[in-house]
Every structure is written in C-alpha cells, then in structure tokens.
Amino acid sequence: MACWLIKSEPETFSIQDLAKAPKKTTSWEGVRNYQARNFLRSMKRGDLAIYYHSNAEPPAAVGIARIVREAYPDPTAWDPESAYHDPKASPANPLWSMVDVQLVEIFPRAIPLEELRGVKPLAGMELLRRGSRLSVTPVTAAEFRTIEKLGQAKPAAPAAKSAPAKPAKKRAR
DNA sequence: GCCAACGTTGGC
DNA sequence: GCCAACGTTGGC
C-alpha cells in the first residue's frame with residue numbers, strides 16, 4: 001500500500017466539506033499538472049493520503065483520506081463551464097484523470113506547515129521543499145505515520161515553553 | 001497583496 | 001530545441 005499527500009484549498013474543498021459529502025466521498029477532480037496526474041494514476045484502491053489545506057490560515061495537514069476508486073477520466077476537463085476546463089481534452093481524449101477519495105479521519109489537531117518543517121523525520125518530504133507546488137505527492141510510510149501521530153494530540157513536550165514571540169523573520173531568498 | 005518558484009506556451 | 005514571456009501556486 002502506498003501513501004500520498006493531497007492538497008486542497010479549503011475555500012475550494014475542505015476536509016470538512018469531505019466529511020459532509022455523501023458517503024464522505026468525493027472525486028478528486030481538477031488536477032492539471034502532468035506530474036500530479038501521473039501520481040493520481042498510480043494510486044491504488046486502499047492507499048491512504050494525508051489531506052493538506054493549502055492557501056489556508058494556517059496551511060496545515062488536517063486529516064487522512066483513502067483512495068476508494070482508482071484513476072478514471074476527469075470530465076471537468078472537457079466541460080466548458082468548469083473552472084478546470086482544458087480545451088485540449090475531450091471524451092475521446094480525456095487527458096486528465098481523477099480518483100475518488102473517502103474521509104478516514106479529521107485529525108483532532110491540525111498540524112501547521114510551520115510545525116511540519118521542524119519535524120526531523122519529515123525533512124525529505126516534497127511538501128517541505130522550497131517552492132514545492134505539486135498538489136499530489138507520494139510520501140513514505142514512515143512520513144505518513146509520523147504525521148498521523150502528530151495529528152492525534154499535542155506534542156508530548158511543550159516544544160518551547162511559551163518562548164517570547166520570535167522576531168519576525170526576514171524571508172531568506 | 002507581494003512575489004519566488006515553478007510549469008507552460010509559443011516565436012524563432 | 002532554446003528560452004523569454006507569461007500564468008499559476010501558495011507561503012508569507
């Protein structure tokens with residue numbers, strides 16, 4: 001079984017929306033990046049994915065979803081009404097794929113991106129790479145378990161015991 | 001709202 | 001096939 005990380009902007013489709021969806025299941029349409037699409041296509045039924053809220057306040061890992069249907073054509077691609085319309089796609093040449101995902105759990109505690117960046121075992125994650133934009137990425141089983149665990153409760157040790165607010169960091173770029 | 005880091009497009 | 005221009009993503 002493989003593990004993944006899928007991003008969604010909560011304004012578009014949050015994990016709470018997924019919880020409210022029929023059968024807590026939705027089609028993951030709208031992926032329009034070839035690399036991300038290819039990852040979608042290699043997903044297997046039963047694979048698990050970290051659900052991540054991008055463009056959120058704060059951006060955070062918020063839960064887990066399961067792949068319940070493997071890749072099939074994304075009809076929004078050839079729907080001129082859709083925000084995801086791609087003029088190159090058609091029913092005969094679907095071009096883009098989607099999977100169905102079902103909610104497994106909303107974490108008791110969302111894990112903000114800033115915190116993920118400080119977690120050693122996650123250092124190699126695509127999500128944490130500078131300038132990373134891929135909306136679908138594989139994660140290792142170890143990374144998956146680490147995030148899953150972080151989502152269950154407060155960090156065991158009060159990380160920095162109410163340290164005074166850090167001075168605003170200049171972005172190093 | 002800014003803008004770095006990407007991916008894509010299209011002229012050549 | 002190169003690469004500048006452009007569009008998008010997404011953290012800040």
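Just so it is clear: chains get the letters A, B, ... in the order the sequence lines come, proteins before strands, and each one is counted from 1.
Among residues two or more places apart in sequence or in another chain, the side-chain hydrogen bond (donor to acceptor under 3.5 Å, both in side chains) test is passed with A:Thr12 by none. Taking the ring pair (Phe, Tyr, Trp, His ring centres under 6.0 Å) definition, one finds that A:Tyr52 meets it with nothing, sequence neighbours left out. Remark: A:Thr76 engages A:Arg32, A:Asp74 in a side-chain hydrogen bond (donor to acceptor under 3.5 Å, both in side chains) (not counting sequence neighbours). Partners of A:Asp79 by side-chain hydrogen bond (donor to acceptor under 3.5 Å, both in side chains), not counting sequence neighbours: none found.
Rounded to an integer number of Å, the gap from CG of A:Leu128 to P of C:dG11 is 11 Å. The CD-P distance, from A:Glu57 to C:dG11, rounds to 10 Å in whole Å.
In terms of position along DNA chain B, the nucleotide closest to A:Asn55 lies nearer the 5' end than the nucleotide closest to the other residue of the pair A:Ser132 and A:Asn55.
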Anything under 3.5 Å between a protein N or O and an N or O of nucleotides 8-10 of chain B, put it in a table, one pair a line.
from, atom 1, to, atom 2, distance (Å)
B:dT9, OP1, A:Lys88, NZ, 3.3

Scan the side chains in residues 58-72 of chain A for donor-acceptor partners under 3.5 Å anywhere in the protein, sequence neighbours excluded, and list what turns up.
from, atom 1, to, atom 2, distance (Å)
A:Glu70, OE2, A:Arg45, N, 2.8
A:Tyr72, OH, A:Asp100, OD1, 2.5
A:Tyr72, OH, A:Asp100, OD2, 3.4

